[in-house]
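Some notes on the structure that comes next.
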Amino acid sequence: MKIHIGHIVLVIALLTAPKVNAQQEQRWEDCYAEVIAIEGKDEEEIPDYELLCQLANHPININTATKEDLEQLPFLNNQQIEDIMEYLYRYHSLRSVGELYMIPSLGNAYARLLSYFITTGKPNENNRFSWQDMLHYGRHKVIATLNIPTYQRRGFSEGKYLGGPLKHWLRYTFNYANRLEIGLVGAQDAGEPFFKRQNKTGYDYHSFYLMLRNQGSLKALAVGRYRLRMGMGLVMNCDYGFGKQMLLQALDRSSATVRPHSSRSEGNYLQGVAATFKLNKAMEATAFLSYRKVDATLRHDSLGSISAILTNGYHRTETEMEHKHNTWQLATGGHLRYFNNGFHAGATALYTALSRELRPHTTQLYKRWAATGTRFYNLGIDYGYTGHRFSLNGEVATDNHQAFATINKISINMASNLQLSAIQRFYAYKYNGLFARSFADAGAVQDESGLYLGLNWNINRAFSLFAYGDYAYFAWPKYGQSFAGAHALDGFLQLNYQHKKTLLTAQYRTRCRQRDNKEKDMLINRNEHRGRIKADYVLGSWQLRTQANLTYALQESGSLGYMLSQSILRHYKCIIVSASLGYFHTQDYSSRVYTYERGMLYDFSFPCFFGHGIRYSMTARSDLGRHLTLIAKAGTTDYFDRSVIGSGLQEIAHSSQTDIQLQAIVKL
């Protein structure tokens, strides 16, 4: 095994670090990884993480929390929020976070995750907004992060990339009592010019936001960049939410949600102003206006039209730079909601306009019914009821072509520890919503009919079971399909066992999707099976995780892959050290494996591995008093089956890839 210079430097830093009292390591990331681990996506597709980092650093006082305060947490559904509020009403307060385990609808996993985002202050604490208190008690934070590669990609050696190889970003936030938040973000991807070329002002990406909450009749106000969800997402949803399980939680939320866009993601946000007002005890209204530049791929025609709106945010080459901010996008609309005695109803309206005509290549079969034009309209009506034993939520929406989409969800508490859920959705293949995002197997609110059945059973204090089955039908061919009438099946099973400081988790997921065969004359099933067994346990001052992943994919031929990994964490005086080692062996990309890896603050790493090799990393964190935190990480992937990593301009002419990450956090 190779010993890299980054690891040597990191060990020396640990041994020479000053000696101060160590703080308890925050482990909410591990709990969050449990909830989303089966989805298998990388960090760029998990924006919830940045929101949760903010909330973890500014926890909510559960004993003074309102329903709106708890709705900031994306992993809680409406039933869980109602049960928490009922518990507080009945017992007046929580004296310790351990009482969360007494709320059946939370279960062990969500009770454990929630404990990192709340405090149990006195119920009569003054929660009034004060400008004097804001100046005195407001908290400032500056975070600087740098990623240093120890290799060179082809795009740099051939001079195709316009900037340098370093990836770095800077963030400033000011937070006062979770009522006022101000943020500035600057970010640079490797290969993008910095203070030169088209980025003469500095960072390729820069963002500002201001968020004000719960000021009299003003429930929420966002200025700058923000995210918004209204209804169940059939008209507007650029809010957080990742994978089926997270979207499942959010479906119960019928009220409009306005959040700041604190992420470094350069797509899926709005820019301008949005506000939610309480008109009376039963009515609230949300209105927003957004005007921003977006990246788009231009078509070579006399109209200057675009074929697609881009969201990856890369501006490394001349071609990518031509896409940058070449189209204006206007979006405006609102949501009116009525709520009384558990019943709610709402209406959503959205108007979107583009400065260039959107003309995708509709000659391609799977793009035949993609959105076209410069102006788009969407209208939606949502409705539902939330009670102690069951809840019902639904939404119906249409677009400017009178195409139709609907989704309905019902949840029933069969017992205090057993909940059943069902979701029916129908999205017409002609329906289009540029900001639509809701529960779907194929990821889009278009061309899908489906039925989901789920079970959440907290068997006892030690065991919990979560399972679901989901069937979807597609009336029009998707990507990789030459025929209509395809279907998909998705099944998932997870069993948890927790006893004192030991947590055992077993997961299994099976998916069946249809794709063209090699001759493209018929559809055949592509089956995928993913399993994971994981053990988290504490041995003295050591925290350990042992994990095994197994994947099997079958489409005409089979592909098998597995990964065995071990991670450890230990406190050493002022230092918190964590390390991981994993061995993976897959036949090809189809049997790739995913695993969670501890990383920098505001970087939730969930990489995938395929081929044959090992992955090892080491992370160290030092809290130098209350105001300064330093974090360093070195991670290496060694491949045994190749001499080149990647392809195209991202190609690395080596079998090993090592990255060093450094981060400094200043809190005032």
Side-chain angles (χ1 to χ4, degrees), residues 32 45-60 65-78 81 114 117-118 141 171-185 207-215 218-233 235-242 246-247 249-278 284-290 292 311 331-335 337 346 348 350 435-438 602 604:
Y32 187 61
E45 298 177 86
I46 310 177
D48 306 64
Y49 180 70
E50 306 216 17
L51 167 67
L52 293 174
C53 282
Q54 296 277 21
L55 294 173
N57 284 284
H58 305 284
I60 299 168
T66 64
K67 186 174 183 290
E68 289 77 14
D69 292 330
L70 294 178
E71 284 180 343
Q72 296 181 58
L73 297 166
F75 54 83
L76 291 179
N77 62 35
N78 198 56
I81 293 173
L114 179 59
F117 300 94
I118 65 168
K141 179 185 289 186
R171 179 194 303 270
Y172 163 79
T173 58
F174 172 82
N175 189 290
Y176 169 64
N178 285 321
R179 295 298 185 90
L180 175 66
E181 183 181 336
I182 300 173
L184 293 169
V185 181
S207 176
F208 164 80
Y209 65 86
L210 180 149
M211 188 74 202
L212 186 64
R213 298 184 181 90
N214 299 327
Q215 295 303 302
L218 179 63
K219 181 180 175 181
L221 171 67
V223 178
R225 294 187 176 178
Y226 60 92
R227 292 174 177 261
L228 179 63
R229 180 186 56 79
M230 299 186 291
M232 297 180 73
V235 173
M236 165 59 73
N237 182 12
C238 60
D239 190 18
Y240 302 94
F242 165 76
M246 285 290 96
L247 285 171
Q249 299 292 99
L251 285 180
D252 289 337
R253 312 262 189 94
S254 61
S255 58
T257 302
V258 181
R259 304 188 199 274
H261 177 65
S262 59
S263 169
R264 288 169 286 129
S265 172
E266 298 189 38
N268 202 34
Y269 66 84
L270 300 172
Q271 179 176 277
V273 61
T276 298
F277 296 92
K278 292 183 178 179
E284 66 180 33
T286 298
F288 75 95
L289 175 65
S290 171
R292 55 163 294 206
T311 59
T332 185
H335 182 259
R337 181 175 185 261
T348 305
L350 170 65
F435 292 95
R437 183 170 179 239
S438 192
Y602 291 95
F604 192 72

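All values below come from the heavy atoms of this structure, side chains included, with hydrogens, waters and symmetry mates left out.
Distance check, rounded to the nearest 0.5 Å: CZ of Phe117 to CD1 of Ile60 gives 9.5 Å. In this structure, CG in Leu212 is found 11.0 Å from CD in Glu181, a value given to the nearest 0.5 Å. Taken from CG in Asn237 to CE in Met230, the straight-line distance is 9.5 Å, to the nearest 0.5 Å. Interatomic distance, Ser265 OG to Arg227 CZ, rounded to the nearest 0.5 Å: 5.5 Å. Distance CG/Leu228 to NE2/His261: 13.5 Å, rounded to 0.5 Å. Atom OH of Tyr172 sits about 6.5 Å away from atom CZ of Phe174, to the nearest 0.5 Å.
Across Gly334 and Phe288, no two heavy atoms sit closer than the pair N-CE2, 4.0 Å. Nearest heavy-atom pair across Val185 and Arg264 is CG1-CG, 3.8 Å. Here the shortest heavy-atom pairing between Phe208 and Ile182 reads CE1-CG2, 3.9 Å. Closest approach of Met211 and Ala220 over heavy atoms only: CE-CB, 3.7 Å. Heavy-atom minimum distance, Ala256 versus Glu284: N-OE2, 4.2 Å. Between Leu73 and Arg259 the shortest heavy-atom distance is N-NH1, 4.5 Å.
Under a 3.5 Å cut-off, the side chain of Arg229 and the backbone N or O of Thr257 do not form any donor-acceptor pair. Of the possible donor and acceptor atoms, none in the side chain of Arg213 sits under 3.5 Å from a partner among the backbone N and O of Leu221. Between the side chain of Ser438 and the backbone N or O of Met232, at least one donor-acceptor pair lies under 3.5 Å. A donor-acceptor distance shorter than 3.5 angstrom exists from the side chain of Arg171 to the backbone of Ser262, with no hydrogens or angles considered.
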CA sep, side-chain torsions, deciding dist, call: Glu266, Thr311, side chain to side chain contact (heavy atoms under 4.5 Å, CB included): CA-CA 6 Å; Glu266 298 189 38; Thr311 59; over 6 Å; no

Verdict with reasoning, Tyr209 to Val223, per side chain to side chain contact (heavy atoms under 4.5 Å, CB included): CA-CA 6 Å; Tyr209 65 86; Val223 178; over 6 Å; no

Asn214 vs Asp69, side chain to side chain contact (heavy atoms under 4.5 Å, CB included): CA-CA, chis, key distance, verdict: CA-CA 9 Å; Asn214 299 327; Asp69 292 330; 3.2 Å; yes

Worked verdict on Gln271 versus Tyr226 for side chain to side chain donor-acceptor pair (under 3.5 Å): CA-CA 6 Å; Gln271 179 176 277; Tyr226 60 92; over 6 Å; no

Trace of the side chain to side chain contact (heavy atoms under 4.5 Å, CB included) decision for Val235 with Phe435: CA-CA 6 Å; Val235 173; Phe435 292 95; over 6 Å; no

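Relative to the ring axis of Tyr269, Arg292 places its NZ or CZ within 45° and under 6.0 Å from the centre.
Within the 4.5 Å cutoff, the side chain of Asn268 has heavy atoms near those of the Cys238 side chain.
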